[in-house]
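Have a look at the structure below, then the notes.
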Number of protein chains: 2
Amino acid sequence: MARTDTVEEEATAATATAAARRGPGRKRDEATRHAILRAAYETLEAEGYGGFTIEAVAARSGAAKTTIYRWWPSKGALAIDSFLDLYQREAPFPQTRSASEDLKANLRLMAKIWGGRYGCIIAGIIAAGQSDAATIELYNERLVKPRREEGLRLLQRGIANGEFRPDIDIEAALDALYGAFYGRLLAWLEPLDPAWAERLCDTVLRGLMV
Amino acid sequence: MARTDTVEEEATAATATAAARRGPGRKRDEATRHAILRAAYETLEAEGYGGFTIEAVAARSGAAKTTIYRWWPSKGALAIDSFLDLYQREAPFPQTRSASEDLKANLRLMAKIWGGRYGCIIAGIIAAGQSDAATIELYNERLVKPRREEGLRLLQRGIANGEFRPDIDIEAALDALYGAFYGRLLAWLEPLDPAWAERLCDTVLRGLMV
DNA sequence: TCTTAAAATCGATACGTTTCGTATCTATAT
DNA sequence: ATATAGATACGAAACGTATCGATTTTAAGA
């Protein structure tokens, strides 16, 4: 395998720990790491999370199973690592219009993404996380927390704008807005689409009371 | 095993199909069925969903693995069957006070239940359902739908009462209110407790806008 | 500077383990 | 005759580990 010229190009928080140690010994082959991540994502996309096995990734990448286990502690960690870069690229937070418009745009986009092929992958990761604490913690750390932080800022901006009441419970609001995605994706098996997201947004923004 | 005196006492939708057939042949042993369901629930409670294996249930119940597979199509179906009766008993829908008060009471109770030992079991069932369509459909049919129906009626009552606006999107409102439980339970790993449920309820009822 | 030993990586293969779900077989009840 | 129950064995996945040889890198000693 040819050597990549951009060493450490995207060392992830999950796998960078061991790479930092320096001393005698052969260096980690970045091309192999790349091939594994790529094969992992391709497997996720082709087979879904059900067919995502370490053996399949090993076969597709040309790497040995041993090599995968040396660098990723579990199936779930590898899945998240392989999936995250692509996902982040597709889910930006708009910051242009009013806070409520930005919120609606974000919810619409998220519904579009979660309603597609990424939705199945996320569902698989969360399912795996129920019997693997490290996986769900990694999902939280790398996928949820950054976005929740953005959501928090968005609502704060809306309060500063005068769009939202200053006494709202921001955490509860985020729970209501984003929790609905989990219910529909994981349990209720109802479709996620932008039109629904818009109705959800309107409902929470306006409230139920007269 | 002693014979139970209440045959068909709680024939479930999931397992009643085969029991209806009549003709020559030995009758199904209700005591065995009971012992399996009981052992299944005990296993769930003792080991969590991770340790919930058919073999463990067989060992605990004294029944053969074959017998279990004859009557339950999958692990998930058995888990739901064993868990549901107990769960239903603990999660009633109040219908006394105002609609918003009843809603809050229900959310508080649900948070209490989901924050306890049932929460882990539900999480396990939903996780299993992600790779087993029959399981998640059964969960939906027997656990979600009846409660969602009650939630719908509650909101309709609130509209008739004059407590809620007549133009609210009931489905979206239920998504927001109950979806939050799934997010916190399955992905965000944040505690579910009555105080939080109350804040959630207030937030959705009042809305975010000024 | 050159050599050499230690350390770490990678691929290949083989295991041991768990768990699922099925197949057989015998005995028993209707 | 037919369906049920229990016992046991079996095959198939897939996980994660162990072991081995070959290769690459670093550090220390001559």
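These figures come from a predicted structure and were not determined experimentally. So that the names make sense, note that chain A is the first sequence line, chain B the second, and so on, each numbered from 1. Hydrogens, waters and symmetry mates are skipped; everything else that's a heavy atom, side chains included, is used.
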Rounding to an integer number of Å, can you tell me how far Ile36(A) CD1 sits from dT9(C) P? 13 Å
Would you state whether a donor and an acceptor, one from the side chain of Arg26(A) and one from the base of dT24(D), lie under 3.5 Å apart? no
Heavy-atom side-chain contact between Val144(B) and Tyr178(B) under 4.5 Å: no
Would you indicate which nucleotide in dG6(D), dT26(D), dG11(C) comes nearest to any side-chain atom of Ala63(A)? dG11(C)
Not counting sequence neighbours, which residues clear side chain to side chain donor-acceptor pair (under 3.5 Å) with Glu47(B)? List them please. none
So, using side chain to side chain donor-acceptor pair (under 3.5 Å) as the criterion, who are the partners of Tyr87(B) when residues are at least two apart? Trp114(B)
Base dT4(D) paired with Arg28(B) side chain (donor-acceptor, <3.5 Å): no
Hey, can you pull the donor-acceptor pairs under 3.5 Å for the side chains in residues 121-135 of chain A, sequence neighbours left out?
from	atom 1	to	atom 2	distance (Å)
Gln130(A)	NE2	Ile126(A)	O	3.2
Gln130(A)	NE2	Leu186(B)	O	2.7
Ser131(A)	OG	Ala128(A)	O	3.4
Asp132(A)	OD1	Ala134(A)	N	3.3
Asp132(A)	OD2	Ser74(A)	OG	3.3
Asp132(A)	OD2	Thr135(A)	OG1	2.6

With sequence neighbours left out, what residues match Arg38(A) under side chain to side chain donor-acceptor pair (under 3.5 Å)? Glu42(A)
Under the side chain to side chain donor-acceptor pair (under 3.5 Å) test, which residues partner Asp202(B), sequence neighbours left out? Lys104(B)
List every contact pair, protein side and nucleotides 19-22 of chain C side both N or O, where the distance is under 3.5 Å.
from	atom 1	to	atom 2	distance (Å)
dC20(C)	OP1	Ile54(B)	N	3.4
dC20(C)	OP2	Ile54(B)	N	3.4
dG21(C)	OP2	Tyr69(B)	OH	3.0
dG21(C)	N7	Lys65(B)	NZ	3.2
dG21(C)	O6	Lys65(B)	NZ	2.6

Record whether the side chain of Arg70(B) comes under 3.5 Å of the base of dA5(D) through a donor-acceptor pair of N or O atoms. yes
Take the protein atom CG of Leu78(A) and the nucleotide atom C1' of dC15(D), then report the distance between them rounded to whole Å. 14 Å
Distance in angstrom units between Trp72(B) CH2 and dA5(D) P, rounded: 9 Å
